[in-house]
Novice: 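Quick one: this structure, given as structure tokens, is what I'll be asking you about.
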Number of protein chains: 2
Amino acid sequence: MTVPTRNHLFTQHSRPASPDRYTSLVAQKDEAPGESRRERKERTRRAILDAALDQLADTGFGSLSLRQLTRSAGIVPTAFYRHFATLDELGLALVDESFETLRGLIREVRQGDPAPETLIDRSVDVLSGQLDTHSAHFRFISRERQGGVPALRDAVRHELSLFERELATDLARMPGLEKWGAADLHVLASLFVDLMVGAAGEMVSPSTDHPATRREIEQNLRNQARMVVVGATGWTPLGS
Amino acid sequence: MTVPTRNHLFTQHSRPASPDRYTSLVAQKDEAPGESRRERKERTRRAILDAALDQLADTGFGSLSLRQLTRSAGIVPTAFYRHFATLDELGLALVDESFETLRGLIREVRQGDPAPETLIDRSVDVLSGQLDTHSAHFRFISRERQGGVPALRDAVRHELSLFERELATDLARMPGLEKWGAADLHVLASLFVDLMVGAAGEMVSPSTDHPATRREIEQNLRNQARMVVVGATGWTPLGS
DNA sequence: CCTTTCAGTGAACATCCGTGCACTGAAAGA
DNA sequence: TCTTTCAGTGCACGGATGTTCACTGAAAGG
């Protein structure tokens, strides 16, 4: 072990006395013993993504600061570029994982009983569960859907339209909707998606996450969905 | 119109020859001949509001810059404080006038025939017209509803809930809904508000304002509303 | 008339920002 | 073993930001 000749102020073990950098909980640079270079890089990448999701609870993506981001991820600003070429690219990565969460939701709903009677209640319950563990993802989607960063807004809308199409094919299999056309399914699916994203966005808002109001929103979502279902039941398909 | 954003690189030596003051279209400091002090102040205030609405086409309120704002309003940064104590206060003023626009919408719909048959088409047409003249207001509402600035988000949601209540009392007078309870009316009204704000937000997006896609969104909104109306027609009020 | 009010000015400040650059040191690979 | 790769460092820069302060000059008002 050599004493550093030049100013390498904080290498690994000078942590406790570190005077001027308050690193966060998100990324420990504590040595994980056997860790390949790839694993280490992946861990830092995760730390950046988590730091972003954390910071996005308070602001829109447009006012995200690269410096704050890296500070709370435990790395130096310039190191960010080893993982993403630009901030927007980070945003697109968040779009990806947010929609993976969203797809996980319908996947979970599909599992087991597709009994049309309990479907709404089950969906809302699953949504509620996902909101506990992945609130940041839902907040991100519903905020950036109308957000100020064109690249993200377009990406979110594109993914939402794919998701909606996926939902439409699910709906096509339901009793009573067998002879609906694509246009009819689109109307119904977009209705459900709008309601869900809207309600989710309301529920994950920092100002509105008291359990009481959350129950209210859930209940209203259930009622809205029921009214739509009644509408679908009495619907005359668009081709006259 | 709008100045290219985000690019910090081009500033190097392509700056215009004007020393340090390039005023905008928004506010002329050209002397208007007979103008009281009050009128002049009001004119500047309007210039600030307009500059904000202009800038908000590209970003969320959270990343609004006071300096850019005042620059395009034709005043010096510090003069801003003669009109608003803080940026949030500016935002609240925008909330006010945006919702005045929104109320103007239902007022216009109400005028003349409330024939239940043509009501949806008429509403969508009026909305479409308002979007041409007041797109910035609708963009503001639908963006800041989920936006990153708590004060504005709460204000927008509060106003939306008032608006929804107002709509509910209108609906209560419609044939077939006479014996609905407040809860039922709330479900239907919130459904309409969500659909409208969502569709409006999609239509006023900088990326989505081609007339073609806009017609599509309008048509989808009409269909969604129709399906909801069918649902309302077959609805059994919540008190069993 | 003279005094007060006050919207707008301009300079100065401390702070944050994104990014280019040359670097280090350990892991990967030969 | 020696060489290459590359995630992360530290520094420096130019520029944009919000806010302070003392000021100016014309309108308002007595």
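In what follows, chains carry the letters A, B, and so on, assigned in the order in which the sequence lines appear, proteins first and then strands, with residues in each chain numbered from 1.
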Novice: When we call it a touch if two heavy atoms are under 4.0 Å apart, what does Gln68(A) touch: a base, just sugar-phosphate, or nothing?
Specialist: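 Since only primed, P, OP1 and OP2 atoms lie under 4.0 Å of Gln68(A), the category is sugar-phosphate.
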Novice: Distance only, no hydrogens: is a donor on one side chain within 3.5 Å (strictly under) of an acceptor on the other, for Thr44(B) and Arg82(B)?
Specialist: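 No, because no side-chain N or O of Thr44(B) sits under 3.5 Å from a partner of the opposite role on Arg82(B).
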Novice: Using OP1 and OP2 only, check whether a side-chain N or O of Thr44(B) sits under 4.0 Å from dA7(C).
Specialist: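 For Thr44(B), the contact criterion (side-chain N or O under 4.0 Å from OP1 or OP2 of dA7(C)) is not met.
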Novice: Return the polar atom pairs (N/O with N/O) between nucleotides 19-22 of chain D and the protein under 3.5 Å, or none.
Specialist:
residue, atom, partner, partner atom, Å
dT19(D), OP2, Tyr81(B), OH, 2.4
dT19(D), O5', Tyr81(B), OH, 3.3

Novice: What is the distance from CD of Glu39(B) to C1' of dA7(C), rounded to the nearest Å?
Specialist: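 Spelled out: CD on Glu39(B) to C1' on dA7(C) is 15 Å.
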Novice: If you compare every side-chain N and O of Arg71(A) against the phosphate oxygens of dC17(C) (OP1, OP2), does one of them come in below 4.0 Å?
Specialist: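 Yes, within the criterion.
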Novice: Expressed in angstrom and rounded to an integer, what is the separation of Asp88(B) atom CG from dG18(D) atom C1'?
Specialist: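 So the two atoms are 14 Å apart, to the nearest Å.
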Novice: Give the rounded distance in Å between these two atoms: CZ of Phe84(B) and P of dG8(C).
Specialist: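 Computing the Phe84(B):CZ to dG8(C):P distance gives 11 Å.
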Novice: Can you see whether Ser128(A) engages Glu218(A) through a side-chain donor-acceptor pair at a distance of less than 3.5 angstrom?
Specialist: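 A donor-acceptor contact under 3.5 Å links the two side chains.
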Novice: Do Phe138(B) and Val197(B) have side chains that approach each other closer than 4.5 Å (heavy atoms only, starting at C-beta)?
Specialist: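 The answer is no, as the side chains (C-beta and beyond) never meet within the 4.5 Å cut-off.
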Novice: Write down the distance between CZ (Arg45(B)) and C1' (dG8(C)), rounded to a whole number of angstrom.
Specialist: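 Between C1' of dG8(C) and CZ of Arg45(B): 17 Å.
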Novice: Quickly work out the Arg40(B) CZ to dA28(D) P distance and round it to whole Å.
Specialist: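 Result: 11 Å.
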Novice: Should the pair Glu166(B)-Arg107(B) be classified as a salt bridge under the 4.0 Å nitrogen-to-oxygen rule?
Specialist: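 No, this pair does not count.
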Novice: Starting from P on dG18(D), measure out to CD1 on Ile75(B) and report it in whole angstrom.
Specialist: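 Answer to the nearest Å: 13 Å.
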Novice: Give the rounded distance in Å between these two atoms: NZ of Lys41(B) and C1' of dT9(C).
Specialist: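 From Lys41(B) NZ to dT9(C) C1': 16 Å.
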Novice: Can you see whether Ser190(A) engages Gln224(B) through a side-chain donor-acceptor pair at a distance of less than 3.5 angstrom?
Specialist: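 There is such a pair between these side chains.
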Novice: Just wondering, are more than 12 heavy atoms of other shown residues or ligands nearer than 6.0 Å to CZ in Arg215(A)?
Specialist: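 No - once you tally the heavy atoms of other residues, nucleotides and ligands closer than 6.0 Å, there are 12 at most.
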Novice: Could you pull out the protein-nucleic contacts involving nucleotides 28-30 of chain C (nitrogen or oxygen on both sides, under 3.5 Å)?
Specialist:
residue, atom, partner, partner atom, Å
dA28(C), OP1, Arg37(A), N, 3.4

Novice: Compare every heavy atom of Leu94(B) with every heavy atom of Ala52(B), then report the nearest pair and how far apart it is.
Specialist: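 Residues Ala52(B) and Leu94(B), closest heavy atoms: CB-CD1, 4.1 Å.
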Novice: Supply the atom-to-atom distance Phe192(A) CZ to Leu221(A) CG, rounded to the nearest 0.5 angstrom.
Specialist: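 Rounded to the nearest 0.5 Å, the CZ-CG separation comes to 9.5 Å.
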Novice: In sequence, state the C-alpha distance, the side-chain angles, and the governing distance for Ser207(A) and Arg157(B), and then conclude on side-chain hydrogen bond (donor to acceptor under 3.5 Å, both in side chains).
Specialist: CA-CA 11 Å; Ser207(A) 30; Arg157(B) 290 184 182 185; 4.8 Å; no
Novice: In whole angstrom, give the distance that lies between atom CG of Leu90(A) and atom P of dG18(C).
Specialist: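 Between P of dG18(C) and CG of Leu90(A): 12 Å.
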